[in-house]
**Q** 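Below you'll find the structure I mean.
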Amino acid sequence: MRRLFPVTDMTARETAAEGAGEAREWSLDELADAYVYPELPAGGSWLRANMVSSLDGAGQHDGRSQPLSSETDMRIFGTLRALADVVVVGAETVRLEGYRPARAREAFAARRADAGQGPAPVIAVVSASLNLDFSLPLFTAPLVPTLVLTGAAAPADRVAAARAAGAEVLVAGDGAGVEPVRARAVLAERGLRRQLTEGGPRLLGQFVAADALDELCLTVSPTMTAGSAQRIAGGPSVAVPTRFAVASVLERDGFLFTRYRRI
Ligand SMILES: NC(=O)c1ccc[n+]([C@@H]2O[C@H](COP(=O)([O-])OP(=O)(O)OC[C@H]3O[C@@H](n4cnc5c(N)ncnc54)[C@H](OP(=O)(O)O)[C@@H]3O)[C@@H](O)[C@H]2O)c1
């Protein structure tokens with residue numbers, strides 16, 4: 001792994017070492033240090049997204065993001081999960097990607113305990129229809145109960161099915177859908193303040209449109225897919241493009257692991 005930005009004396013030394021053929025994978029501890037959440041004011045929350053995109057802007061290939069990913073990308077994916085209080089995910093990603101509950105990882109156990117976090121992040125699934133398979137381990141066998149975020153008008157029988165499976169249903173919208181800013185607040189009120197969303201694009205687009213995304217951890221995959229795959233954020237476009245500033249760029253095997261913060 002090489003740090004390309006910000007450039008420091010350490011970067012220069014690392015780069016020299018890479019040039020000398022001493023490239024090495026970073027430890028999980030080093031990755032966790034690199035991606036640590038900012039200090040939050042009392043009651044504050046921070047929402048980061050973690051997404052992968054091909055060079056030509058595809059956010060998935062054949063309905064999954066895995067073909068765009070790499071081993072290091074998955075290590076960072078796991079690290080970002082391990083740093084989060086809650087992982088917010090759209091229902092379609094759960095349906096298409098065979099989403100599983102987050103697991104407790106020994107490598108992060110001490111760090112999570114020091115931060116006052118439980119053994120694994122809570123998964124919060126965003127859905128209006130609640131048309132989810134509640135017999136999945138995500139709902140029946142998580143380490144910490146899975147949350148379902150929905151609107152006040154969610155179908156009562158599906159709410160009952162979610163609860164019967166062991167999920168907790170939280171209302172974060174007056175109609176059928178979830179209001180992005182309210183979702184953040186509902187989670188923060190429960191102490192889930194270090195928030196991570198893993199998309200998908202339709203959900204991420206709504207956080208962007210509501211100006212509710214603080215940080216984007218974007219993996220630029222050195223691949224081209226052509227075709228008409230979704231980009232990493234969809235839905236109606238914003239009136240004025242939201243500006244982000246680059247916070248860091250890491251590189252491994254041609255993949256760029258970028259981190260941008262909203263200005
Ligand atoms: N490139 C990446 O990093 C990345 C990351 C994640 C996923 N993906 C890919 O993206 C694809 C799926 O993404 P997607 O954009 O189609 O779907 P998505 O964002 O994962 O999920 C959309 C669903 O989420 C629920 N939803 C979204 N906004 C809502 C709101 N405001 N209120 C209530 N429910 C809401 C709805 O569920 P209901 O229909 O249940 O109401 C909606 O159908 C997959 O192919 C996956 O592989 C890529």
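Read the numbers this way: they start at 1 and go in the same order the structure lists the ligands and their atoms.
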**Q** Could you check whether any side-chain heavy atom of V125 comes within less than 4.5 Å of a side-chain heavy atom of Y99, counting everything from C-beta outward?
**A** no
**Q** Using a distance-only test with no angle check, is there a side-chain donor-acceptor pair under 3.5 angstrom linking D56 and S54?
**A** yes
**Q** In terms of residue, atom name and distance, what is the protein heavy atom nearest to atom 28 (N) of ligand 1?
**A**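 Among all protein heavy atoms, the one nearest atom 28 (N) of ligand 1 is Q206 NE2, 2.8 Å.
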**Q** Which atoms of ligand 1 are found less than 4.0 Å from any heavy atom of G200?
**A** 6 (C), 7 (C), 13 (O), 15 (O), 18 (P), 19 (O), 20 (O)
**Q** Could you tell me the residue and atom name of the protein heavy atom closest to atom 37 (O) of ligand 1, and the distance to it rounded to 0.1 Å?
**A** A91 CB, 3.4 Å
**Q** With heavy atoms of E198 as the reference, note each atom of ligand 1 found under 4.0 Å away.
**A** 5 (C), 6 (C)
**Q** Output the list of atoms in ligand 1 that are nearer than 4.0 Å to some heavy atom of E97, sorted by atom number.
**A** 46 (C), 47 (O)
**Q** Side chain, backbone, both or neither: which applies to Q60 and ligand 1 if a contact is any heavy-atom pair less than 4.0 Å apart?
**A** side chain
**Q** Which ligand 1 atoms are under 4.0 Å away from a heavy-atom of G59?
**A**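 Listed by number with element, the hits are 1 (N), 2 (C), 4 (C), 48 (C).
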**Q** Answer with side chain, backbone, both or neither: which part of E179 has a heavy atom less than 4.0 angstrom from an atom of ligand 1?
**A** neither
**Q** Below the 3.5 angstrom mark, is there an N/O of N131, backbone or side chain, next to an N/O of ligand 1?
**A** no
**Q** At what distance is the nearest protein heavy atom to atom 19 (O) of ligand 1, and which residue and atom is it?
**A**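 Ranking protein heavy atoms by distance from atom 19 (O) of ligand 1, first comes L203 N, 3.0 Å.
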**Q** Is there a heavy atom of G234 sitting under 4.0 angstrom from any atom of ligand 1?
**A** no
**Q** Transitively linked via ILVMFWY side-chain contacts under 4.5 Å: L256 with F244?
**A**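 Result: yes, single cluster for both.
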**Q** What distance do I76 atom CD1 and S69 atom OG have between them, rounded to the nearest 0.5 Å?
**A**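 Reported value, rounded in 0.5 Å steps: 9.5 Å.
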**Q** If you measure from atom 32 (N) of ligand 1 to every heavy atom of T219, V178, V126, which option wins on shortest distance?
**A** V178
**Q** With a 4.0 Å cut-off on heavy atoms, does R95 reach ligand 1?
**A** yes
**Q** Would you mind checking which non-hydrogen protein atom is closest to atom 20 (O) of ligand 1, with the distance to 0.1 Å?
**A**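 Result for atom 20 (O) of ligand 1: T93 OG1, 2.5 Å.
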**Q** In terms of side-chain geometry, is the basic nitrogen of R262 or D211 positioned less than 4.0 Å from the acidic oxygen of its partner?
**A**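 Salt bridge: yes.
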**Q** Verify the cluster assignment for V220 and L68: are they in a single hydrophobic cluster under the rule of side-chain heavy atoms below 4.5 Å apart?
**A**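 They do not share one cluster, since no chain of ILVMFWY contacts under 4.5 Å joins V220 to L68.
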**Q** Determine whether the side chain, the backbone, both or neither of L96 has a heavy atom under 4.0 Å from any heavy atom of ligand 1.
**A**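 Only the side chain of L96 comes within reach of ligand 1.
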**Q** Do R252 and E71 pass the salt bridge (charged side-chain N to carboxylate O under 4.0 Å, His left out) test, and can you show the C-alpha distance, the side-chain angles, and the key distance before you say yes or no?
**A** CA-CA 10 Å; R252 174 90 178 171; E71 200 179 312; over 6 Å; no
**Q** Please report which non-hydrogen protein atom sits nearest to atom 11 (C) of ligand 1, along with the residue it belongs to and the distance in Å to one decimal place.
**A** Q230 OE1, 3.6 Å
**Q** Identify which one of R194, E215, R193 satisfies the side-chain contact (heavy atoms from CB on, under 4.5 Å) criterion when paired with Y37.
**A**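 When side-chain contact (heavy atoms from CB on, under 4.5 Å) is applied between Y37 and each of R194, E215, R193, only R194 qualifies.
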**Q** Have S70 and D253 got a donor and an acceptor in their side chains that come within less than 3.5 Å?
**A**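 There is no such pair (donor and acceptor under 3.5 Å, judged by atom type) between the side chains of S70 and D253.
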**Q** Numbering the atoms of ligand 1 from 1, which are under 4.0 Å from a heavy atom of R64?
**A** 47 (O)
**Q** Could you go through the side chain to side chain contact (heavy atoms under 4.5 Å, CB included) check for R81 and E198 one step at a time?
**A** CA-CA 9 Å; R81 278 194 160 198; E198 295 176 353; 2.8 Å; yes
**Q** With rounding to the nearest 0.5 angstrom, report the CZ to CZ distance, R3 to F5.
**A** 10.0 Å
**Q** Which ligand 1 atoms, with their elements, are less than 4.0 angstrom from a heavy-atom of S129?
**A**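 Selected atoms, number and element: 38 (P), 39 (O), 40 (O), 41 (O).
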**Q** Looking at ligand 1, does any of its N/O atoms fall within less than 3.5 Å of an N/O of A128?
**A**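 Among all N and O atoms of A128, at least one is under 3.5 Å from an N or O of ligand 1.
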**Q** Within ligand 1, which atoms have a heavy atom of G177 less than 4.0 Å away?
**A**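 In order of numbering, the contacting atoms are 32 (N), 33 (C).
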**Q** For atom 13 (O) of ligand 1, which protein heavy atom lies nearest, and how many Å away is it?
**A** P201 CD, 3.2 Å
**Q** Can you list the atoms of ligand 1 that are under 4.0 Å from a heavy atom of G63?
**A** 44 (C), 45 (O), 46 (C), 47 (O)
**Q** Specify the protein heavy atom at minimum distance from atom 42 (C) of ligand 1: its residue, its atom name, and the distance to 0.1 Å.
**A** R202 NH1, 3.9 Å
**Q** What protein heavy atom sits nearest atom 17 (O) of ligand 1, and how far away is it?
**A** E92 CB, 3.1 Å
**Q** Step by step, would you call F257 with D73 a side chain to side chain contact (heavy atoms under 4.5 Å, CB included)?
**A** CA-CA 8 Å; F257 303 100; D73 184 46; 3.8 Å; yes
**Q** Count the heavy atoms of every other residue, nucleotide or ligand shown that sit under 6.0 Å from CZ of R182, and state whether that count exceeds 12.
**A** yes
**Q** Check the pair M51 / L216 against side chain to side chain contact (heavy atoms under 4.5 Å, CB included), numbers first and verdict last.
**A** CA-CA 8 Å; M51 304 293 286; L216 173 65; 4.2 Å; yes
